[in-house]
Student: 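Below is the structure I would like to discuss, written out as C-alpha cells.
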Amino acid sequence: MPELPEVETVRRIAHKLVVGRRIERLHVSESFPCVLNSEGGIDPVSTLTGATIASAQRRGKYLLFELDSGLWMVVHLRMTGRLLVMDRHEPPVRFEHLSMELDNGMDIRFGDQRKFGRVTVVPPDAVSALSGRLGVEPLTADFTSAWLQSALQRRPGKIKSVLLDQHLIAGLGNIYVDEALFRARIHPLTPARDLDSNDVEHLVGAIVDVLEMAIRNQGTTFSTFENPYGESGSNAAFLKVYGKGRKGETCPRCGTPLARAVVGGRGTTWCPHCQPARG
DNA sequence: CAATCAACCTGGGTGC
DNA sequence: TGCACCCAGGTTGATT
C-alpha cells in the first residue's frame, strides 16, 4: 500500500543514499525476470550498467531516477514492493528480485512479495508522457479548493472513487482517501459534484494534513512497507478509520461503531454519524 | 468520455 | 492440526 507518503519517504532516503552513485553490476532474478523491463527498445541491463544516478524524484506513486545518460529508471512499488539500500555483503532480502551493485560497496535491492512492482528503464519522453497522464500533485500550490471544486463539478461518480483516480489527483490511495474523508466529514458514497465549496475546502485541507502527517511519520506500515533502511513507518498508529472497520472498532471522535463496505472495489471504512449520507 | 470490473499475485487469516 | 477458501489493493485494459 505504498501511497504518496510512503513513496516520498523512499525518495528522500534514496536521494541521500544513491544520487551520485554509479551502478556497476545488476542481478535479475531468474524466477521473475520481468521485474526489470523497458520502453522504447532499450536494453535495461546494458543501459543501467555503468550509469550514474543523477537525481531521485517522485510523481504520484512513481519513483523517478534520472540517469546521467538522460534515460530514466522508473520504479513502482504497487502494493508490496520494497526498495532497500544495504551493504553488498548482506544476504538477499525476502522476495528479492533485483539487485544493483553501486560504486561505494552498497546495493540497491528490489523485493516484492506479490510481484506487482516493476523497475522500468525509459527515455525522457516516456517520463513526460507518464507525468502528463497523472493528475495534480496534492502537496503543491496547484492543489487548491478552487481547482478541485471545478474538477469535481464534472464528476458524477462517488467521491471515494474520484479521489482514487490518479488522472485527477496523483498519489492518493485507499488509506489516505478514507482518512481524508473522515477528517472532512464526507460520506464516501457522496456524488463528487454534490460537494459544496465548504466541503471541498475541508477536503483539500484534510488531504494535505493526512499526507503531511504521514510523511512526518515516515509512512504507514501495515505489513510490508519499509523505507530503504529497512525501517517501518510509524503512521499506522495515527490513522483514525482505515483498517479499523472490520475489527468492529468505534469512531475515535463520537464512539459510533464504524461502518464498512466495498466502494469502487475497495474496502472502505467510515463513521456513519460523523460522515452521514447526503440527500 | 466516464464508470465498472476482472486480472495480476501470494502470505496471512478465517472457518470448518 | 490440516486444508480450502477468502482477502488485501495499484494499475491496466476490456467492457458497458
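Since the structure is predicted, the reported quantities are computational estimates derived from the model, not experimental observations. First the proteins, then the strands, lettered A, B, ... as listed; each starts at 1.
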Student: Output yes when at least one side-chain N/O atom of A:His76 is less than 4.0 Å from OP1 or OP2 of C:dG10, else no.
Tutor: no
Student: Using a heavy-atom cut-off of under 4.0 Å over every strand shown, decide if A:Phe32 touches base, sugar-phosphate, or nothing.
Tutor: nothing
Student: Where the side chain of A:Ser161 is concerned, which of B:dG11, B:dT4, C:dG10 is the nearest nucleotide?
Tutor: B:dT4
Student: Just checking, any donor-acceptor pair under 3.5 angstrom between side chains of A:Tyr176 and A:Thr220?
Tutor: yes
Student: How would you label the contact of A:Arg193 with the nucleic acid (heavy atoms, under 4.0 Å): base, sugar-phosphate, or nothing?
Tutor: nothing
Student: Using a cut-off of 6.0 Å, state whether more than 12 heavy atoms not belonging to A:Lys244 lie near its atom NZ.
Tutor: yes
Student: Heavy atoms only, 4.0 Å cut-off, all strands: where does A:Phe95 land among base, sugar-phosphate and nothing?
Tutor: sugar-phosphate
Student: So what does A:Arg155 hit on the nucleic acid, given a heavy-atom distance under 4.0 Å: a base, only sugar-phosphate, or nothing?
Tutor: sugar-phosphate
Student: So that I can compare with my own list, what are the stems of DNA chain C, taken as at least three consecutive Watson-Crick or G-U pairs with distances under 3.5 Å?
Tutor: B:2-8 with C:10-16, B:10-16 with C:2-8
Student: Consider the side chain of A:Arg94, meaning its heavy atoms from C-beta on, and name the nucleotide among B:dG11, C:dT11, C:dG10 that approaches it most closely.
Tutor: B:dG11
Student: Counting the atoms with a prime plus P, OP1 and OP2 as sugar-phosphate, which does A:Gly157 contact under 4.0 Å by heavy atoms, base, sugar-phosphate, or nothing?
Tutor: sugar-phosphate
Student: From B:dC9, C:dA8, C:dT11, pick the nucleotide closest to the side chain of A:Arg260?
Tutor: C:dA8
Student: Mark yes when over 12 heavy atoms from residues, nucleotides or ligands other than A:Glu201 sit less than 6.0 Å from its CD; otherwise mark no.
Tutor: no
Student: For A:Gly117, which contact category applies under a 4.0 Å heavy-atom criterion: base, sugar-phosphate, or nothing?
Tutor: nothing
Student: Taking the P atom in each of B:dC9 and C:dC3, what is the distance between them to the nearest angstrom?
Tutor: 26 Å
Student: With distance as the sole criterion, do the side chain of A:Arg266 and the base of C:dT11 form a donor-acceptor contact below 3.5 Å?
Tutor: yes
Student: Verify whether one side chain among A:Thr52 and A:Arg22 offers a donor that lies under 3.5 Å from an acceptor in the other.
Tutor: no
Student: Is A:Phe116 stacked against the base of B:dC8, taking the criterion as centroid distance under 5.5 angstrom and interplanar angle under 30°?
Tutor: yes
Student: Would you say a side-chain N or O of A:Lys158 is under 4.0 Å from OP1 or OP2 of B:dA3?
Tutor: no
